[in-house]
Amino acid sequence: MRTSQLLIPTLREDPGEAETVSHRLLLRAGMIRKVAAGVYTYLPLGLRVIRKVEAIIREEMNRAGAQELLMPIASPAELWRETGRWDFYGKELFRFKDRHERDFCLGPTHEEVITDLIRREVRSYRQLPLNCYQIQTKFRDEIRPRFGLMRGREFIMKDAYSFDQDEASARLSYQKMYDAYQRIFTRCGLTFRAVEADTGLIGGTSSHEFMVLAETGEETIVYAEAGPYAANVERAEVPPPTEVSTEPTRPLRKVPTPGARTVEEVTALLKVSPQQLVKTLLYTTAQDTVAVLLRGDHEANEVKLKKLLGVTDIALADSARVTAVTGAPVGFAGPVGLAGARIVADHAIKAMRNFVVGANEVDAHYVDANWERDFTVAGFADLRNARAGDPSPQGGGLLRVARGIEVGHVFMLGIKYSQSMKATFLDPQGRETLAVMGCYGIGVGRTASAAIEQNHDAKGIIWPTPIAPFHIHLLPLSQTKPVTDTAQMLYDRLTQAGLEVLWDDRDERAGVKFNDADLIGAPFQLIIGDKGLAQGTVELKHRKSGAVSKRPPDKVLEEAHALLPQGSS
RNA sequence: CGGGGCGUAGCGCAGCCUGGUAGCGCACCUGCUUUGGGAGCAGGAUGUCGGAGGUUCAAAUCCUCUCGCCCCGACCA
């Protein structure tokens, strides 16, 4: 296609709103434009990339035995009330009413709609297993949309739903999707890792996230330095300590700690290490207040805490609540003599002796506190985030930490939705049985963004060939007849050979064309200039390496073919 | 929702504190020259200063309200 006929509004300067590389480059390369916070128009170039990613997803989903359908964006509140998610999903759900005042929402995901379909249409185990998917625009009224296509309020997602007659069969369906995801992200040219994950709002029994490794990722993952274990930090288990302190206990003493509230201030004042301090975090749940004891250098993991408490919502107590419960301002809470809250402790505490805690009194802490002797806890549990250097819970040495972008997520749902929505079928014995479900998502725009995060340089994007908007950027450097004729000839031949060619036919200076081409990021640039033609050559330049090969124009075709994967359109 | 910040030409910004003719760079239009890494010269067009109300002889500037956006924390593909 000719540049002069395409809307490719490249920007010379960085847009002020863009924070991350992918956001900045998508805007600068003229691929997306913002319509509202978290809502974007895909311009022709951006849409081509989206379509490429979608095509790869379709091929692999179909290959894995899934079938495509298309569900509506709008869905009625009744379905969501059946599963309880009309309330549970909260403000994240875009809601609206029709002219009859009936409640609707814009689908953030489609478990309800697909389960409604399947419960109506599937009667027999003979119709299972079944895996249906769609590529559809989703809506989530995110608290904070950001990073362009990375976290939008409207975004394109592939979502698949599997229905099986039993757990064993469901695990096979899950595995097929897991394998398909490996192929999809590999084909998209991404460096990624599948990690164990929390199931979040979707619910279910187990799940894996597919994480593209990138510094700008919003997720933190941990992985064994010498083994297969990898998990989201939210999920990563921390094994209980194996060595318990054998230090003789000393008597409890109260010491003044004027103005020292934070772990740093208290440890500096008392000249102890954070490992000798126990911090007391107060959380409020719908019912009560819970005190969480953590070693001074550890971080609370709220996902684990929610699971332990069996609640869906917790929040750090506000200062009024802290004062009411402890009798002291924030910064001096401690377990000794604490009456107004249940006390739970991370199991690292179990290994500690003679530690520092808050005294529930302004400007005072206890030193040489010991659990059991000075206070009792309701229980010990894994309540902290894993971190680099912790032992891997499943062997393979110590854990390392990396940042990741979640591009895909596979869930074993079990019977959560089939139960609440009564999706049943008759098994071979004629018994009414609940379908066992799985669901599987891929963020399409996020995948494209992640590809940019991993494949760019100071000049612009360097698309992995399978998802590049064009294979070759044809750059005639002047408007002379030999150059134009050669460009036309090469454009025709390459296009006929099945390659996707973007022909920069604008009357622009060479530098402008080079810079735009580098920004847009086609894997190859074919440069045609008067100088080269005088010597009978054109140049094929590899965007990634910068390598240039000079060839006579009629030799370009075979070289281009060798360089680009067959059938990669 | 809490905290911080920004809305001035298509884009990036200055002007605001201390009220008085709305500016700069890039982009855009015309002409000439130029032409292998974002050209030069000359000329030109472009603004309800986010919106509403108020104070004032006078408001981009001060006050009030409002809308939008960005950044930092709790959600997720």
Side-chain angles (χ1 to χ4, degrees), chain A residues 9-20 23 27-28 30 33-39 53 57 89-93 108-110 135-147 149-160 181 197-202 207 209-212 218-219 232 234 283 300 302-303 306 312-316 318 405-411 439-450 459-460 475-480 483 507-519 525 527-534 538-539 541 546 548:
Chain A
T10 56
L11 302 175
R12 184 176 293 207
E13 294 174 76
D14 280 339
E17 70 189 63
E19 196 72 0
T20 55
H23 189 192
L27 287 166
R28 281 196 58 204
R33 284 293 184 266
K34 187 173 69 179
V35 177
V39 178
V53 175
I57 292 172
Y89 224 102
K91 291 187 174 171
E92 202 107 338
L93 199 57
T109 175
H110 281 73
I135 297 176
Q136 172 68 293
T137 298
K138 296 284 197 269
F139 294 83
R140 294 184 189 172
D141 198 354
E142 290 281 346
I143 294 164
R144 193 143 87 83
R146 60 182 144 177
F147 303 157
L149 300 186
M150 207 71 95
R151 178 182 296 278
R153 296 195 295 169
E154 173 179 328
F155 59 100
I156 299 171
M157 177 171 150
K158 185 284 300 178
D159 47 325
Y181 275 36
D198 184 63
T199 51
L201 271 185
I202 309 286
S207 79
E209 288 168 338
F210 286 77
M211 295 285 196
V212 168
E218 296 183 272
E219 301 290 329
N232 193 308
E234 290 177 347
Y283 281 92
E302 298 187 357
V303 171
K306 284 184 203 172
T312 54
D313 270 309
I314 55 168
L316 271 174
D318 57 29
I405 299 165
E406 182 191 358
V407 290
H409 203 156
V410 294
F411 295 87
C439 77
Y440 317 94
I442 292 178
V444 175
R446 187 180 280 186
T447 299
S449 293
K459 288 286 197 175
L475 304 174
L477 298 186
S478 75
Q479 302 295 113
T480 63
V483 166
D507 184 11
E508 286 287 354
R509 301 174 67 83
V512 172
K513 292 189 178 191
F514 285 134
N515 281 306
D516 273 352
D518 288 344
L519 186 58
Q525 295 168 10
I527 300 155
I528 305 165
D530 291 296
K531 283 187 194 168
L533 281 188
V538 295
E539 296 163 33
K541 180 173 174 182
V548 173

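Just so we're on the same page: letters track the sequence lines, and every chain starts at 1. Hydrogens, waters and symmetry mates are skipped; everything else that's a heavy atom, side chains included, is used.
- For A/Ser478, the side-chain contact (heavy atoms from CB on, under 4.5 Å) partners two or more places apart in sequence, or in a different chain, are A/Thr480, A/Val483, A/Asp530.
- Shown here are the ring pair (Phe, Tyr, Trp, His ring centres under 6.0 Å) partners of A/Tyr181, two or more places apart in sequence or in another chain: A/Phe185, A/Phe210.
- Every residue two or more places apart in sequence or in another chain that forms a side-chain contact (heavy atoms from CB on, under 4.5 Å) with A/Lys459 is listed here: A/Asp457, A/Asn515, A/Asp518, A/Arg543.
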So which protein nitrogen or oxygen atoms get under 3.5 Å of nucleotides 25-28 of chain B's nitrogens or oxygens?
unit_1	atom_1	unit_2	atom_2	d
B/G25	N2	A/Glu13	OE2	2.9
B/A27	OP1	A/Arg12	NH2	3.4

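- With sequence neighbours left out, A/Arg509 forms a salt bridge (charged side-chain N to carboxylate O under 4.0 Å, His left out) with no residue at all.
- Residues satisfying the side-chain contact (heavy atoms from CB on, under 4.5 Å) test with A/Arg33, not counting sequence neighbours, are A/Pro9, A/Leu11, A/Leu27, A/Leu43.
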For nucleotides 69-72 of chain B, tabulate all protein N/O to nucleotide N/O atom pairs closer than 3.5 Å, reporting atom names and distance.
unit_1	atom_1	unit_2	atom_2	d
B/C69	OP1	A/Ala37	N	3.0
B/C69	O3'	A/Lys34	NZ	2.9
B/C72	OP2	A/Arg144	NH1	2.7
B/C72	OP2	A/Arg144	NH2	2.7

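- Legend: residues meeting salt bridge (charged side-chain N to carboxylate O under 4.0 Å, His left out) with A/Arg151, ordered by chain and number and at least two apart, are A/Glu142, A/Glu218.
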Check nucleotides 49-51 of chain B for protein N or O atoms closer than 3.5 Å to its own N or O atoms and list the pairs.
none

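- Residues that satisfy the side-chain hydrogen bond (donor to acceptor under 3.5 Å, both in side chains) test with A/Asp14, not counting sequence neighbours, are absent from this structure.
- A/Phe147 pairs by the ring pair (Phe, Tyr, Trp, His ring centres under 6.0 Å) definition with nothing, not counting sequence neighbours.
- Residues passing the salt bridge (charged side-chain N to carboxylate O under 4.0 Å, His left out) test with A/Lys138, sequence neighbours excluded: A/Asp159.
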